[in-house]
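Inspection log for the structure reproduced underneath, given as structure tokens.
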2 protein chains.
Amino acid sequence: MLMKMTGDNNITEVARRTRRRRTGAAAKKPTVADIARAAGVSTATVSRALNKPDAVSAKLRNKVARKVRELGYVPSGAARALASNRSFTIGTVIPTLNNAIFAASVDAFEETLSRHGYTLLVTVSNYDRPHEIEQVRRLLERGVDGLMLIGLDHPEEVWQMIERSACPAVAIWGHNDKPRVPCIGFDNAAAAEHAVDHLVELGHRRIGMVAGLSFGNDRARARRAGVERALAKHGLPVVPALFTEKAYSHDYGRDGLTELLSHGAPPTAIMCGNDVLAMGVMFEARDRGIAIPDDLSVVGFDNLPITSQLRPALTTIEVPSVPIGMASANAIVAYLTDGSPIQSKSFPAPFVMRATTQSVR
Amino acid sequence: MLMKMTGDNNITEVARRTRRRRTGAAAKKPTVADIARAAGVSTATVSRALNKPDAVSAKLRNKVARKVRELGYVPSGAARALASNRSFTIGTVIPTLNNAIFAASVDAFEETLSRHGYTLLVTVSNYDRPHEIEQVRRLLERGVDGLMLIGLDHPEEVWQMIERSACPAVAIWGHNDKPRVPCIGFDNAAAAEHAVDHLVELGHRRIGMVAGLSFGNDRARARRAGVERALAKHGLPVVPALFTEKAYSHDYGRDGLTELLSHGAPPTAIMCGNDVLAMGVMFEARDRGIAIPDDLSVVGFDNLPITSQLRPALTTIEVPSVPIGMASANAIVAYLTDGSPIQSKSFPAPFVMRATTQSVR
DNA sequence: TATTAGTATGTAAGCGCTTACATCGCAAGG
DNA sequence: CCTTGCGATGTAAGCGCTTACATACTAATA
């Protein structure tokens, strides 16, 4: 028996050494086994001392803690994830980081997650659907404990992968009665509708829109739909030539204004799909000598910090990006912690009246 | 022998079932073993078919691929990482996502990484040093294959952890002769110095600065140092009252101008630590009726997209954020792929002359 | 004092992969 | 026809953890 053990140990040792050479690591990093040996306890005790301290006597707990420090032990996340089936990692795929509003949400999301010991895995889709599918697949492969998606508009494959993997997910930013996953956001359409109500109240009758690109973007679509709904509600015509969709940049906003202006009966007010487009409209108007709000009323969407500094200050809609980010993180953590189901939730998106809107002359 | 095997199998089966109940998974997800069984090959062949396709005959490769599809097999990243000691994951800790310039770099970094099959793990430090240490520790625990840090100013613990873990790292954004890790960025000081040269050429003698917060921020410090160096070079005094440091917001920029203006001999030109502060200065000047550039010249730093749309358009310094992001990603991937060492690199940061600077009256 | 609960440890079986090494064929060379 | 060699597969040993279960104690109860 003793001999057998010795033999086994030798074999093990040889294997270890081989492995070591293979991976090329010079000084092997310590493992639970090393800590256990050094502290004179079992690996189970080490694991418990680290993960559920009160299941271990104070004496051993301290001894383990000391050895951990002495040897500079760093647990292996991969091994832990494999053994426990939990990675303490949440994944997200966003269209781009390069957008202040998403960034604010993701920032808040990450911070909340981090406070609960989770790490955020960020991937970017660049508004490319196949790429998005790929990114979700990778996140799932990586064994994320949860997933956060922006908006409700995602390829069917994405939903299927999420369902098959039984990975808790939350979609932010949107608002929908029957989302494929719980949805924490706000009612884009209602917010846009409300802004148009305001314009109509001011006497505007020819209202145009420079919307964001709606393909694969339910927020942009909802905002546009809200505008059209409001117009219909007030018995105003939806003139196709007064609606245009543009990508996200000041210059495209400028183009948008140029386009609407080319119509025989140009609008007296323009609702924009986001603040960047709205600013573009303002810049173009300024360069053309069109006075805002005297000649043209403009409303943005997002309430970027800079909009309050412009002159005239932009009337816009506040997007609750930080609350959304925090709420989503909390919802996922709660689900992971005690199984409380993730509830859809809608935050208010207040209308921020400033100086770019005025009664029609 | 046969009986023994049967016995073993039973034990295994019982264990499996127990485990299954423990993890609570309803329908077990398929593993390599399932694919191997279904395809009538060994697990090794499955692994090879998936990871190094040309080591396997076309026939088996296809059979495996088919079964993978049929069973909806998704490899486990954790198991793969544990067994291969590679996670195909790169970590980064940035001060905040909520900053267009970082976002642009991270975006480019992620995209490049993704193209090479790596996933980006983003964490945020919120400019908090202990928190940064914690985040680096977590990334290392997660077994990232590489690390990207912003700037050169990091707690000693961070450097030590990186060194101990032997994890390849790159610091971006800065520029230094003897960095602790390779550094891909640009020379902030030289860029700022160059801008001041320009101001001096225009005849400015009283030049102030609204700098970014320099604590724990080598970029802000370098920019300030560059300004002071330029002043000294031209034999101009560095008047402490004409230098102020402010956090990152338009309002702080406004405060900065207010502060410099309260000096008996206010500056005729102000160099700003970044564009947001510069815009704040411009907004405050506008509200005070100070004409830019007639009464005051202003220079920003970063070249945010909006700066070209302002009137007057902001003179600023272009930061090569996208090249930096791409180069860092490529450097790390190259190191991981064929061991080519990561080289420090400095990109040019061109001076963008626009309309906020003018000869002193 | 014998018995019963706990409570604190230890033992060892996996988690799902990768990969060193052993085998097995088969084609080419002697 | 028998080696030799090499590419294609299989075998099985880990990777570093977690955790169900067994065991050893201790203290309280009968």
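Each chain gets a letter, A, B and so on, in the order its sequence line appears, and its residues count up from 1.
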Nearest-angstrom distance from the residue atom CG of B:N85 to P of C:dA20: 13 Å
Separation of C:dG16 P from B:K29 NZ (nearest whole Å): 9 Å
Taking only side-chain nitrogens and oxygens of B:T31, does any of them come within less than 4.0 Å of OP1 or OP2 of C:dG16? no
Donor + acceptor pair across side chains of B:D338, B:S340 (<3.5 Å): yes
Tell me: CZ of A:R48 to C1' of D:dC21, nearest whole Å? 11 Å
Please name all residues satisfying side chain to side chain contact (heavy atoms under 4.5 Å, CB included) with B:P168, sequence neighbours left out, ordered by chain then number. B:Y335, B:L336, B:I342
Report the distance from atom CD1 of A:I35 to atom P of D:dC17, rounded to the nearest whole Å. 9 Å
Applying a 4.0 Å non-hydrogen cut-off, can you work out what A:V41 is touching in the nucleic acid: base, sugar-phosphate, or nothing? sugar-phosphate
d(CG, A:L50; P, D:dG16) in whole Å: 16 Å
Under 3.5 Å, which donor-acceptor pairs do the side chains of residues 120-130 of chain A form with other protein atoms, sequence neighbours left out?
residue	atom	partner	partner atom	Å
A:T123	OG1	A:T92	O	3.0
A:S125	OG	A:Y127	N	3.2
A:D128	OD2	A:H131	N	2.8

Any residue meeting side chain to side chain donor-acceptor pair (under 3.5 Å) with A:T112, in chain and number order, not counting sequence neighbours: none
Between C1' on D:dC15 and CG on B:L82, what's the gap in Å once rounded to a whole number? 4 Å
What is the distance from NZ of B:K52 to P of D:dA8, rounded to the nearest Å? 13 Å
Counting only non-hydrogen atoms, which of residues 57-69 of chain B are less than 4.0 Å from DNA chain C? none
Atom-pair distance (CZ on A:R80; C1' on D:dT19), nearest Å: 14 Å
Applying ring pair (Phe, Tyr, Trp, His ring centres under 6.0 Å), which residue pairs with at least one partner in residues 53-75 of chain A are found, sequence neighbours left out? none
Just checking B:S47: base, sugar-phosphate only, or nothing, at a heavy-atom cut-off of under 4.0 Å? base
ring-ring contact (aromatic ring centres under 6.0 Å, His included) with B:Y118: which residues, sequence neighbours excluded? B:F88
